[in-house]
A.B. asks: 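Just passing along the structure, written as structure tokens.
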2 protein chains.
Amino acid sequence: MISPSSYRTHPSPFESGLRSDGKRMTPQRKKVLSLFEEIGSGIHLSAEEVHSKLTISGEKVSLATIYRTLRLLVKMTFLNELDLSEGGNRFELLSHDHPDHHHLICIRCGRTEEFENNEVINAGKAAAENFGFKLLESSLNVRAVCPMCLNK
Amino acid sequence: MISPSSYRTHPSPFESGLRSDGKRMTPQRKKVLSLFEEIGSGIHLSAEEVHSKLTISGEKVSLATIYRTLRLLVKMTFLNELDLSEGGNRFELLSHDHPDHHHLICIRCGRTEEFENNEVINAGKAAAENFGFKLLESSLNVRAVCPMCLNK
DNA sequence: TAGCGTAATGAGAACCGCTTGCAACACAAA
DNA sequence: TTTGTGTTGCAAGCGGTTCTCATTACGCTA
């Protein structure tokens, strides 16, 4: 039997996730998530790119809403956020004795841990040799979420 | 014999590097580099932090000059720059295979080559596990000089 | 299915980190 | 000391992101 409101045949994980949190499904939110589903995983888009892609295909969603929706989708773990924006770039003294810097960076709080790994050093050396470059230094940045931020 | 200008007993690598490039040593540049030397390697500061640390210790260097000096020190390979965030955050559909980006970058002309290396990927995974972080993405940046620029 | 409370949107101002243009300054060579 | 030009400080500008607030509209309930 079909009740008047049962046109929602398959409430998506997104929709039910929203509902269970007192939030609402809107056309704008659908459009943003659909865009990512269409292009598939492994491709990164900036907020600006999401905006222009939607605009080009005739969908009008304001930039402010896109930013809000992206944050929401990240919090709901439908999207992955790359790059650390808070605090801007950082600098450290380059020690010429140990020309390798490996960092594990929490993208939420900025917490940074250093670590050493010889294979990474060798990979840098090998790549430089392969292309005929003269190696100066190599740095591995691992973007991750630290335990503290995971539990928030 | 001591000529009038020979009070410079030990022109530092920084100073001679500047000189050989038609650039000048200034109190501001000295102060910025000294700050990094005092705190030692392995500690990262943002431009803003450099500015406030200098201000607190009574040194007046404008923020604009600090940004210019940091860029200069990076180009001269005295400092290491972390997190070159290429214009804002990016988002991607969450998937469980972690993308990795490895780049060989010529610091003179900007030429960039990509390469793949599984050991690097594994090193990132291992480090994240060690510290209890949830891995998102790792990127290895190898700073080097390309063959073309070597012959100039 | 109409009414209602409140979440969400759009538009623009505000903000933040960073860069740039420009006039004044100061190294360093003559 | 003079002079040329690299450097600085200030303020304006810029790109990305967040905030404010009036308006809109989702979806619960009667």
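Per chain, numbering begins at 1; letters A, B, ... match sequence-line order. Remember, predicted model here, so these are calculated numbers, not experimental data.
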A.B. asks: Between atom NZ in K30(A) and atom C1' in dG27(D), what is the gap in whole Å?
C.D. replies: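 Whole-Å distance recorded here is 13 Å.
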A.B. asks: Could you list the residues that satisfy salt bridge (charged side-chain N to carboxylate O under 4.0 Å, His left out) with E59(A), not counting sequence neighbours?
C.D. replies: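 K31(A).
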A.B. asks: How close or far is atom C1' of dT17(D) from atom CD of E49(A), stated in whole angstroms?
C.D. replies: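 From E49(A) CD to dT17(D) C1': 15 Å.
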A.B. asks: Remaining members of I56(A)'s ILVMFWY cluster at a side-chain heavy-atom cut-off under 4.5 Å?
C.D. replies: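 Cluster partners of I56(A): none, it stands alone.
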A.B. asks: Could you work out how much the helix from dT1(C)-dA30(D) to dA30(C)-dT1(D) bends, comparing the axis of its first five pairs with that of its last five, to 10°?
C.D. replies: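 It comes to 20° between the two terminal axes.
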A.B. asks: Measure from CD on E15(A) to C1' on dA7(C) and round the result to the nearest Å.
C.D. replies: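 Checked: the CD to C1' distance equals 15 Å.
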A.B. asks: Listed by chain and number, what are the side chain to side chain donor-acceptor pair (under 3.5 Å) partners of S62(A), not counting sequence neighbours?
C.D. replies: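 If we apply the side chain to side chain donor-acceptor pair (under 3.5 Å) test to S62(A), skipping adjacent residues, the hits are T65(A).
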A.B. asks: Residues in ring pair (Phe, Tyr, Trp, His ring centres under 6.0 Å) with F14(B), at least two apart?
C.D. replies: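 Only F78(B) meet the ring pair (Phe, Tyr, Trp, His ring centres under 6.0 Å) criterion with F14(B).
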A.B. asks: Roughly how many Å is it from CD in E48(B) to C1' in dT19(C), rounded to a whole number?
C.D. replies: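 To the nearest whole Å, that distance equals 14 Å.
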A.B. asks: Does anything in residues 61-79 of chain A form a salt bridge (charged side-chain N to carboxylate O under 4.0 Å, His left out)? List the pairs, not counting sequence neighbours.
C.D. replies: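 Qualifying pairs, neighbours excluded: none.
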A.B. asks: Is any side-chain nitrogen or oxygen of Y67(B) closer than 4.0 Å to OP1 or OP2 of dC18(C)?
C.D. replies: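 Yes, Y67(B) has a side-chain N/O under 4.0 Å of OP1/OP2 on dC18(C).
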A.B. asks: Suppose the criterion is side-chain hydrogen bond (donor to acceptor under 3.5 Å, both in side chains): which pairs have a residue in residues 120-132 of chain A, not counting sequence neighbours?
C.D. replies: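 Qualifying pairs: none.
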A.B. asks: For T69(B), give me all partners under side chain to side chain donor-acceptor pair (under 3.5 Å), at least two apart in sequence or on another chain.
C.D. replies: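 For T69(B) there are no side chain to side chain donor-acceptor pair (under 3.5 Å) partners, ignoring immediate neighbours.
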A.B. asks: Does the protein touch nucleotides 3-12 of chain D at the base, only the backbone, or not at all? Give it as B, S and - per nucleotide, heavy atoms under 4.0 Å.
C.D. replies: -BBBSBBB--
A.B. asks: Nearest whole angstrom, please: distance from the C1' of dT18(D) to the NE2 of H51(A).
C.D. replies: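 Spelled out: NE2 on H51(A) to C1' on dT18(D) is 15 Å.
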A.B. asks: With no hydrogens and no angle check, is any side-chain donor or acceptor of R29(A) less than 3.5 Å from a backbone partner on R24(A)?
C.D. replies: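 Yes, because the side chain of R29(A) sits within donor-acceptor range (under 3.5 Å) of the backbone of R24(A).
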